[in-house]
Participant: 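Here it is, the structure, as structure tokens.
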Amino acid sequence: GLAESQDPTAFESIASRDAPADPSLDLRARKHPGPPSKEERPITVAVRIRPFMEREALKGKFISSVEPLEGQGIVSAYEYFNLEGVAPGDMEEFVNQSQHFNLHQFAFDRVFGLDAGQADVYEAVGRPVVRNVLEGFNGSILAYGQTGTGKTHTMEGFVLGGEGGRSEESPAEVERRRGIIPRTVETIFEEIASRKELEAASPRRETRFSVECSFMQLYNEQVEDLLTSKRKPLNIRENPQEGVFVEGLRKVPVSSSESLLQLVGKGFQRRVTASTALNDVSSRSHAVCRIVVDQQVLFRNQEGRTSREPSG
């Protein structure tokens, strides 16, 4: 899953500070053992720290309260005392004196600092999940954080309509801002095409792929389908065959990354949004985009007949 910083002031890393009063808390004096191997952790938790937004920088009233140590998978959070009484001209000196803060440190599997781009996050968090899905395992990426921390930006980017991209932006800028979902969609179909190409040299084996998508939001304790214009609450059911499912939720077959991106983009545009102090277009609902990839392996005998089991 993907988690995000929940601290509204967790925007900017600080290059240098005095060592904390307790030397055992100073990461520069000890080596972190590092995260466990991929084989040892079925769940990966990463934190992404965003920079100041334009409106925050213009106000000039915000200071950085976190320092990401990306190589060690650690975030240092500084809890300051009595900032309200510090004059702006004295702020830099004040925040660098250890008697004015408590230091808290948190360990994650991955830490993405201010310089981490959308591609960096996807390659570390998204692509491994896609590859596992194509090997037959279930995978999920969850973005969690308070309003304004960058969940929609990380998952969508503006490509799907969530951020309202500007038409004058260059193709390179569009590529740079693509989020996890559009990159995941493209990777799925790229991998399918690559596997079909490899199988072309083996006429006795064929893998057939099918992809379908469903998209829903949870708002005011009601589940709604984002792939239909009809806004009506759906019921959550459970049975022995399907387990937990949403009754009446559309499952739309898709055959290309373009058609899937178009479908998901319409869903994002139907999400409930509102203006907040941190974001002009803030998502007000929880959204779940589910992509199912089905693979069926068939084998041909000498007569050209196909079966699910290889023949001699």
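Fair warning: this is a prediction, and the values are worked out from it, not measured in the lab. Only heavy atoms go into these numbers, but all of them, side chains included; no hydrogens, no water, no symmetry mates.
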Participant: Side chains of Arg48 and Thr154: is there a donor and an acceptor less than 3.5 Å apart?
Facilitator: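 A donor-acceptor contact under 3.5 Å links the two side chains.
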
Participant: Suppose we screen for side-chain hydrogen bond (donor to acceptor under 3.5 Å, both in side chains). Which residues come up paired with Arg195, at least two apart in sequence or across chains?
Facilitator: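 With sequence neighbours excluded, Arg195 shows a side-chain hydrogen bond (donor to acceptor under 3.5 Å, both in side chains) to Glu135, given in chain and number order.
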
Participant: Might you work through the side chain to side chain contact (heavy atoms under 4.5 Å, CB included) test for Ser257 and Ile188, ending with a clear yes or no?
Facilitator: CA-CA 8 Å; Ser257 59; Ile188 287 173; over 6 Å; no

Participant: Which heavy atom of Leu114 sits nearest a heavy atom of Ile49, and at what distance?
Facilitator: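 Between these two residues, the closest heavy atoms are CD2-O, 3.5 Å.
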
Participant: Could you tell me whether a side-chain N or O of Asn239 sits under 3.5 Å from a main-chain N or O of Glu242, the two making a donor and an acceptor?
Facilitator: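 Yes, because the side chain of Asn239 sits within donor-acceptor range (under 3.5 Å) of the backbone of Glu242.
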
Participant: Could you tell me whether the side chain of Thr228 and the main chain of Asp225 form a donor-acceptor pair under 3.5 Å?
Facilitator: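 Not confirmed, Thr228 side chain does not pair with Asp225 backbone.
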
Participant: Counting neighbours of CG on Asp294 that are heavy atoms of other residues, nucleotides or ligands and sit closer than 6.0 Å, is the number greater than 12?
Facilitator: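 Counting other residues, nucleotides and ligands, CG of Asp294 exceeds 12 neighbours.
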
Participant: With a 4.5 Å limit on heavy-atom distance, are the side chains of Pro253 and Val211 in contact?
Facilitator: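 No; the side chains remain at least 4.5 Å from each other.
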
Participant: Working note: Phe81 + His100, criterion ring-ring contact (aromatic ring centres under 6.0 Å, His included); need CA distance, chi angles, decisive distance, verdict.
Facilitator: CA-CA 6 Å; Phe81 311 124; His100 295 147; 8.2 Å; no

Participant: Quick one: do Glu67 and Tyr78 satisfy side-chain hydrogen bond (donor to acceptor under 3.5 Å, both in side chains)? Show the steps, please.
Facilitator: CA-CA 8 Å; Glu67 182 177 15; Tyr78 296 85; 2.9 Å; yes

Participant: Any Lys/Arg nitrogen of Glu186 or Arg178 sitting under 4.0 Å from an Asp/Glu carboxylate oxygen of the other?
Facilitator: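 Salt bridge: yes.
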
Participant: Can you confirm whether the side chains of Gln217 and His286 place a donor and an acceptor under 3.5 Å from each other?
Facilitator: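 Checked: Gln217/His286 side chains show no N/O donor-acceptor pair below 3.5 Å.
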
Participant: Carefully, step by step, assess Val254 and Phe189 under the rule side chain to side chain contact (heavy atoms under 4.5 Å, CB included).
Facilitator: CA-CA 10 Å; Val254 290; Phe189 284 95; 4.2 Å; yes

Participant: Please determine whether side chain to side chain contact (heavy atoms under 4.5 Å, CB included) holds for the pair Val293 and Phe209, giving the CA-CA distance in whole Å, both sets of side-chain angles, and the decisive distance to 0.1 Å.
Facilitator: CA-CA 7 Å; Val293 181; Phe209 294 89; 4.3 Å; yes

Participant: Take atom CD in Glu199; do more than 12 heavy atoms of anything else shown fall under 6.0 Å from it?
Facilitator: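 Above 12, so yes.
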
Participant: Give a yes or no answer on whether the side chain of Ser194 reaches the backbone of Glu190 with a donor-acceptor pair at less than 3.5 Å.
Facilitator: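 Checked: no pair found.
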
Participant: Are Val130 and Leu198 in one and the same hydrophobic cluster, where Ile, Leu, Val, Met, Phe, Trp and Tyr link if side-chain heavy atoms are under 4.5 Å apart?
Facilitator: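 Cluster IDs for Val130 and Leu198 differ.
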
Participant: List the steps, then state whether ring-ring contact (aromatic ring centres under 6.0 Å, His included) holds for Phe215 with Phe268.
Facilitator: CA-CA 9 Å; Phe215 200 7; Phe268 274 116; 5.0 Å; yes

Participant: Only pairs at least two apart or in different chains count here, so list each salt bridge (charged side-chain N to carboxylate O under 4.0 Å, His left out) that has a residue in residues 246-264.
Facilitator: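 Passing the test, one end in residues 246-264: Arg237-Glu247.
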
Participant: Crowded around Glu79 CD? As in, over 12 foreign heavy atoms under 6.0 Å?
Facilitator: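 Count over threshold, so yes.
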
Participant: Would you tabulate the side-chain donor-acceptor contacts of residues 119-127 under 3.5 Å, counting partners in other chains and residues two or more places apart, or write 'none'?
Facilitator:
| from | atom 1 | to | atom 2 | distance (Å) |
| --- | --- | --- | --- | --- |
| Asp120 | OD2 | Gly117 | N | 2.8 |
| Tyr122 | OH | Arg183 | O | 3.4 |
| Tyr122 | OH | Thr187 | OG1 | 2.6 |
| Glu123 | OE1 | Arg127 | NE | 2.8 |
| Glu123 | OE2 | Arg127 | NE | 3.1 |
| Glu123 | OE2 | Arg127 | NH2 | 3.0 |

Participant: Keeping Glu212 on the side-chain end and Val252 on the backbone end, is there a donor-acceptor pair under 3.5 Å?
Facilitator: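 Checking the backbone N and O of Val252 against the side chain of Glu212, no donor-acceptor pair under 3.5 Å is found.
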
Participant: Assess whether side chain to side chain contact (heavy atoms under 4.5 Å, CB included) is satisfied between Val75 and Phe108, documenting all intermediate values.
Facilitator: CA-CA 8 Å; Val75 174; Phe108 300 88; 4.0 Å; yes

Participant: Would a single hydrophobic cluster contain both Phe245 and Leu249, if residues Ile, Leu, Val, Met, Phe, Trp and Tyr are joined by side-chain heavy-atom contacts under 4.5 Å?
Facilitator: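 Shared cluster, no.
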
Participant: If you count every heavy atom of other residues, nucleotides or ligands that lies below 6.0 Å from Asn138 atom CG, does the total exceed 12?
Facilitator: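 Counting other residues, nucleotides and ligands, CG of Asn138 stays at 12 neighbours or fewer.
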
Participant: Indicate, with yes or no, if Val244 and Val246 share a hydrophobic cluster defined by side-chain heavy-atom contacts under 4.5 Å among Ile, Leu, Val, Met, Phe, Trp and Tyr.
Facilitator: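 Yes, one cluster joins them.
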
